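Written out below as structure tokens is the structure these notes cover.
Source: prediction; values computed, not measured.
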Amino acid sequence: MKLGELLGTLRDDDLLIITADHGNDPTYTGTDHTREKVPFLAYSRSMQTPGALAEADSFAVIGATITDNFGIAMPDGTIGHSILDKLN
């Protein structure tokens, strides 16, 4: 896998997020989106403390965190909140 090579190219202020577009219940027959949790892994050389984050109630947290990282405001009325400040 090339993940090790990628990590070596990251700058101190880069943020790498690895996730999926939806969860999938392994006991469900079919390919529809299901209730299962969505993985979220985040890495930056600037992170001080590794650890687990609290579960979020929506996948929209990831999108809100990405927009916050780029300094973009979420449109009014959208769901999700940034957890960028928790990625230390």
Side-chain angles (χ1 to χ4, degrees):
M1 185 175 227
K2 301 289 185 174
L3 184 57
E5 289 179 35
L6 174 63
L7 293 176
T9 67
L10 296 178
R11 298 174 307 222
D12 290 343
D13 63 344
D14 286 338
L15 175 62
L16 173 66
I17 294 176
I18 299 173
T19 188
D21 66 340
H22 61 83
N24 193 30
D25 181 347
T27 65
Y28 178 81
T29 303
T31 58
D32 292 337
H33 296 195
T34 60
R35 70 186 191 292
E36 296 303 303
K37 309 293 186 208
V38 175
F40 175 79
L41 303 170
Y43 172 79
S44 175
R45 289 178 184 237
S46 66
M47 290 179 174
Q48 302 294 314
T49 309
L53 297 167
E55 281 191 23
D57 60 354
S58 172
F59 181 61
V61 167
I62 298 172
T65 302
I66 292 168
T67 59
D68 187 18
N69 184 63
F70 287 106
I72 301 169
M74 292 291 288
D76 288 338
T78 58
I79 62 171
H81 62 279
S82 175
I83 57 169
L84 189 61
D85 62 333
K86 304 223 182 325
L87 303 178
N88 57 11

Which residues pass the side chain to side chain donor-acceptor pair (under 3.5 Å) test with S44, sequence neighbours left out? S46
Looking at residues at least two apart in the chain, or sitting in another chain, which of them share a side-chain contact (heavy atoms from CB on, under 4.5 Å) with L7? L3, L10, L16, Y43
Do you know the tightest heavy-atom contact between M74 and A64? SD-CA, 3.8 Å
Going by chain and number, the hydrophobic cluster around L87 (ILVMFWY, side chain to side chain under 4.5 Å) further includes L15, I17, V38, F40, M47, L53, F59, V61, I62, I66, F70, I72, I83, L84
All side chain to side chain donor-acceptor pair (under 3.5 Å) counterparts of S82, not counting sequence neighbours: D68
Would you mind listing every salt bridge (Lys or Arg N to Asp or Glu O under 4.0 Å) that reaches into residues 75-88, with sequence neighbours excluded? none
Of all pairs that satisfy salt bridge (Lys or Arg N to Asp or Glu O under 4.0 Å), the ones with a partner from residues 38-56, not counting sequence neighbours: K37-E55
